[in-house]
Engineer: 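Please find one structure pasted underneath; my questions will follow.
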2 protein chains.
Amino acid sequence: MTEQTPTDVHAAWLPAEAFRSLGSRRVLVHGAGPLVDTVYEEAARACAEHGGQVRRAPAQGHGPAATGEDADLVLALSSANSLGPAARSVLAGFRAAGGGTAAIGDEGYLLARRDGTTLVLADDPAGLLYGLFHVVRLGAAAFTGDRPAEHHRPAVRSRMLDHWDNVDVHPVMGQVERGYSGGSLFWHDGRARGDLTRVRAYARLLAACGINAVSVNNVNVHATEALLLTERLGDVAALADVFRPYGIRVHLSVSFAAPVVLGGLPTADPLDPDVRAWWAEATARVHQAVPDFGGYVVKADSEGQPGPFSYGRSHADGANLLARALAPFGGEVHWRAFVYDHRQDWRDRTTDRARAAFDHFAPLDGQFDDNVVLQVKHGPMDFQTREPVSPVIAAMPRTRLAVEFQVTQEYTGQQRHVCYLGPMWSGILGFGPWGPEGPTVASVAGGGTEPGTGRAAGGGIVAVSNAGDDRYWTGHPLAQANLYAFGRLAWAPGADPAALLDEWIDLTFVPVAAGDPAPLRHALHAMMAGSWRTYERYTAPLGVGFMVRPGDHYGPDVDGYEYTPWGTYHFADRDGVGVDRTRATGTGFTGQYPAPWSQVYESPGRCPDELLLFFHHVPYGHVLRSGSTVVQHIYDTHFDGAEEAAAMRRRWADPALTRLVDPALHARVGERLDEQVRCAEEWRDQVNAYFFRKSGVPDARGRRIP
Amino acid sequence: MTEQTPTDVHAAWLPAEAFRSLGSRRVLVHGAGPLVDTVYEEAARACAEHGGQVRRAPAQGHGPAATGEDADLVLALSSANSLGPAARSVLAGFRAAGGGTAAIGDEGYLLARRDGTTLVLADDPAGLLYGLFHVVRLGAAAFTGDRPAEHHRPAVRSRMLDHWDNVDVHPVMGQVERGYSGGSLFWHDGRARGDLTRVRAYARLLAACGINAVSVNNVNVHATEALLLTERLGDVAALADVFRPYGIRVHLSVSFAAPVVLGGLPTADPLDPDVRAWWAEATARVHQAVPDFGGYVVKADSEGQPGPFSYGRSHADGANLLARALAPFGGEVHWRAFVYDHRQDWRDRTTDRARAAFDHFAPLDGQFDDNVVLQVKHGPMDFQTREPVSPVIAAMPRTRLAVEFQVTQEYTGQQRHVCYLGPMWSGILGFGPWGPEGPTVASVAGGGTEPGTGRAAGGGIVAVSNAGDDRYWTGHPLAQANLYAFGRLAWAPGADPAALLDEWIDLTFVPVAAGDPAPLRHALHAMMAGSWRTYERYTAPLGVGFMVRPGDHYGPDVDGYEYTPWGTYHFADRDGVGVDRTRATGTGFTGQYPAPWSQVYESPGRCPDELLLFFHHVPYGHVLRSGSTVVQHIYDTHFDGAEEAAAMRRRWADPALTRLVDPALHARVGERLDEQVRCAEEWRDQVNAYFFRKSGVPDARGRRIP
């Protein structure tokens, strides 16, 4: 296998230098199958680069057993029949601890080191691959001292990236909807890219952070994209062939109207027998072309997309239609719960977009087939910088739920602003929908099937990708950290996001630093670790959300959505601001939560400050739990946030740091920091001026508000 | 000549039925030349349609003299040598009254009727053509009783329409920038239209209302459009050939950067000899292709267009460069005074976009060549529903000024709202920049050369066209009235706009009414005569302007431009609203006016209510000259305006009226009225809610504000 990353493309978290420790060792790969081939090729490439040696255990029954006694690193399937004593001993210990029957499990691995040999043992080849990348992350530490056996396995079976990539360039949304990283890796101007070199490099990056599923086209399925299901299926199969060696299954976004649009049927009614037959046949053809096809992603009855409502059917009817077509082949439907009225009358204060997903879907709990995954946005609105966790997550115990994040920074600076989202996702995954002591969001998304408990299996963790054909993959080079952290958190939701950030820095920057990397490591951590909170400070305050420019969603426009049909309001007047979503006097949204949150969010005194204006309309003088008034909090955070952005830029411009980084990358980050500082000041001044003009309350510290 | 208007296109104000009186008479056309041919063809067509007879006086010295004694209508050049006694007598009377030397003058005509013959006499063929259309307007009245000689001549030499048509479809602005009438009559998707039938029909309509100049491409000159000056010149010549028979000269918008972009020169510096030579040569080629070429239209150093500022030169340097290239051929430069900083910082309250044109151009008075026309928007901002008259008009006595209007309804409802602009334009043209007793705006635009007075000749009246390839020419069929009224007011600025509206109704609807036209005539007048004031009532209040959605400029967004670089603000806060443009405490813009306006506008007590917020920032409780407070005025006018729109729709839906109008046209107007009512209610509710939230003042009449 030749070099997979084109030379003018940034290596992201897999620079050749990151493989130095592994590649300078004697490596033995033990097992057979395509993914084991991938493991072998990775090791071989590293060894060719760094002077190590790689061997492959001969196929069963041929030649001398390769026991690994003379290897520094053994990567072996647990089922291999010629394991060396160290591997056998580790396995035996693991099994004994588990009562003799413990499995390493799908995609999992054991990592240990004894007697000078590092061992990676897995039940399946995917586990070996993930173990290999774990060794890469450890670097030199993987080959020092002894290491008791650690068992690693993903918390969540499905760790998925949705690409909002269009095949045709959409007249408004472009090649990639909400894409800030150049063009699409898959499609270009109406056609599939012929050269998939870049896709292969992408697959490798995704596997290295734990992603195992990719949906290859936008959930808004336009005319050309609909054809991927039928006459352009070959394009999908070609992508699947490239993703497969990295353990990644391909999914496809489809139009619910496909039987009409593509099949020429008079209806797409999910209860119509011809419609069922059409989907069954279409799906069989897909599985013929892509034997490990993951399934369909569907945005139905949402923002103009067709759906079962057109036929008076429920979303369960709609999802089950597709699920039954996929079931014979082991495929799944990812059915998005993002359904709301986007033609709302702003004059009607009783309608609340936040309620919509719960109102639509909670009553359907128990009606979805087992291979339907209901894909729920993490918050009730739309990927804002700060939202409460969606109440749907606690409301559907008999439905397989996936939690959806947005790695592409639609509302969080569009990859022009440094905004490391790991802490946000970590907080959501660790949140207890039934209270701090109960199960977490991550456990709902990932929990195994629990027969008898009535609780459904987990549906996984999904996110919208931020990658494109940009040289740095993500437009802003530092936005790579979000893609990396998403994958790692989907695998291990309990991981510390600050540690994941360091992990990413240590792979991406440290191995290629032109000198002592310590200052660079320190500076990047300092710039990025708190950058989500910084972004929050200078944008919409206290969880109220939006205040972005309509349409492109970049930059401030406090009233931009205030009088629109999109259902996204702040209701600021001369006396106060915020949305009353209480049961007592508001839209009743707080009642969608179970205790204790139904009580906590209902009370302005108990509601966390950062969500206050999401749940309550309060006077500007309302005193927060922090002790500040609402309006003074707005002023303070906006002055602070903009100053923090400026500090970030100063830090990056430090000459001691500049010389450690590739000049082109340094310049790219520098340009974006300039824009971030400019934009943060614009946010600061617009938000402060807006609330000063409305409230008439001067800044307690006398700073200039324009 | 065959029927010029395609049958599926609405005839506008020239339906065949409007020619009934003329076409059923005996007509004699007297004179030679292309425009006389047009007069003859118009008469011949009408007579063929309606049973009349048309003769042409034989060429001088051939055959018997055609004296007109046996004709009902004689259209004759004053220089013809075989005029009949009636014509000779009318001419003699006219000359005697003028001291023996009076000329009818360019484009003018005498209209008289005596002894059963209606006479149209003109010094030039264009006058005959305008006289012919006057006879059409008069209808039966042209042929009854006697009529003393009336002398008609245009108040303004240049009566021009600027088309903002792009050759290529612009990715944002489309085929026609700010066009609401379908595609372009001239261009389609990157090419000139091959079939110019529609252009010929357009030329005829324009001549019938008095237009004599057309600029055929957008003032924002993009790459393809720039080529019209050189390799695509043939397309311009083809248009000129179609306009010429109707007395209309063609102008071209050019890029100031043409020497660089097209000529490959290293600079477009107006003082560079190579640049001068390039323009001279390019212009000579234009005149070779279009012998009567009107000249160039230039938007320089404005909203991204290149200009002389790039080279440290003045706008006089820039305009004179082109003027000198055009001078040998009698062409003129229309140089737009629309120059301002569109990258203004909204935080800087000292910069005032309203000041920009005066600040840039007033110091240059006297520096422009005689064939430069400085084209000044009627107001200091940008074609808002209500603006004061631009102070530039009083500030440049030694410069030829043209006043620019916008017939296309960018800010006045985009041809979805009925908004008859005649009263606005009439008010501006009749305004006295030096006070009510002094010369008017029209006299500045139209005044003859006054050697010795130091006052320059007039530059004419210009407007942006609202016509496109729509079936009804203007999207909204009733928007035709704006195009018609603009032409008629450019010819006769003192005309009563309500009478011009009736004139348009009488030509367009009355002749083709399916029954007694009286109710239709009454209803249209009632709907349209006050429609500009209605539109003003439900949109931005008291002259403050904008409050439209950024980008498309349709519908309300009160804060849409409030924090932007465009320089268009209202500064509303919890206490008051408006822009302080006084000398005492504001931007000093009032000081750009001469007395008495410099005093009137400076004083909140003397400033006309309808301009109060343009000049002053006042508390919501400020009492207007009308007796109402500012905030109550806002509520009242917005409730009233929306109700007036609803009344308009009710009137149009009256079955007694419906049956008089072509069903397709009736439906088109009906649909647009539905949208107007919806949008007016949206304006009402957004503006009222905005000011209620800010001021906290309840409506004195207790109406619901959402």
Side-chain angles (χ1 to χ4, degrees), chain A residues 169-172 174 343-351 547-552 555-565 569-578 617 619-620 631 642 678-679 681-698 703-706, chain B residues 169-172 174 343-351 547-552 555-565 569-578 617 619-620 631 642 678-679 681-698 703-706:
Chain A
V169 175
H170 186 274
V172 176
R343 305 210 177 281
Q344 193 175 317
D345 189 340
W346 62 270
R347 290 166 282 215
D348 164 23
R349 288 216 185 189
T350 64
T351 303
M547 300 194 172
V548 291
R549 275 209 308 261
D552 74 355
D557 186 348
V558 180
D559 266 2
Y561 277 105
E562 191 60 14
Y563 303 95
T564 69
Y569 314 121
H570 55 66
F571 299 119
D573 61 20
R574 75 197 317 259
D575 301 316
V577 58
H617 187 93
Y620 291 117
V631 69
R678 185 207 64 75
C679 189
E681 290 174 353
E682 185 67 29
W683 270 103
R684 175 195 67 196
D685 291 338
Q686 280 201 34
V687 171
N688 283 348
Y690 182 94
F691 285 104
F692 175 63
R693 288 191 194 181
K694 271 225 155 114
S695 72
V697 178
R703 290 162 291 195
R704 180 175 173 269
I705 294 175
Chain B
V169 174
H170 187 273
V172 176
R343 304 212 177 280
Q344 193 174 318
D345 189 340
W346 61 269
R347 291 165 281 215
D348 164 22
R349 289 215 184 189
T350 63
T351 303
M547 299 193 173
V548 291
R549 275 208 308 262
D552 75 355
D557 186 347
V558 180
D559 266 3
Y561 276 105
E562 192 60 14
Y563 303 95
T564 69
Y569 313 120
H570 56 65
F571 298 117
D573 61 20
R574 76 198 317 261
D575 301 315
V577 58
H617 187 93
Y620 291 118
V631 69
R678 184 206 66 74
C679 189
E681 291 173 353
E682 185 67 27
W683 270 102
R684 175 194 67 198
D685 291 339
Q686 280 200 34
V687 171
N688 283 349
Y690 183 94
F691 285 104
F692 176 63
R693 288 191 194 181
K694 271 223 155 116
S695 72
V697 178
R703 291 162 291 194
R704 178 175 174 270
I705 294 175

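Lettering of chains follows the sequences in order, A, B, ..., and the numbering in each one begins at 1. These figures come from a predicted structure and were not determined experimentally.
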Engineer: With chain B as the partner, which of A/Phe571, A/Trp346, A/Phe692, A/Tyr690 has the greatest number of non-hydrogen pairs under 4.5 Å?
Structural biologist: A/Trp346
Engineer: Please classify the contact between B/Arg549 and chain A as side chain, backbone, both or neither, with a heavy-atom cut-off of under 4.5 Å.
Structural biologist: neither
Engineer: Identify which part of B/Ala689 has an atom lying under 4.5 Å from any heavy atom of chain A, answering side chain, backbone, both or neither.
Structural biologist: both
Engineer: Quick one: ring pair (Phe, Tyr, Trp, His ring centres under 6.0 Å) partners of B/His617, sequence neighbours excluded?
Structural biologist: none
Engineer: Taking B/Gly551, B/Pro556, B/Ala572 one by one, which has the highest count of heavy-atom pairs under 4.5 Å against chain A?
Structural biologist: B/Ala572
Engineer: Report the option among B/Pro550, B/Pro171, B/Ser695, B/Gly696 that has the most heavy-atom pairs separated by less than 4.5 Å from atoms of chain A.
Structural biologist: B/Ser695
Engineer: Taking 4.0 angstrom as the limit, do B/Arg693 and A/Glu562 come out as a salt bridge?
Structural biologist: yes
Engineer: Measure across A/Glu682 and B/Tyr563 and return the closest heavy-atom pair with its distance rounded to 0.1 Å.
Structural biologist: OE2-O, 3.6 Å
Engineer: Distance check, rounded to the nearest 0.5 Å: A/Asp345 atom CG versus B/Asp685 atom CG?
Structural biologist: 8.0 Å
Engineer: Is chain A contacted by the side chain of B/Thr564, its backbone, both, or neither, given a heavy-atom distance below 4.5 Å?
Structural biologist: neither
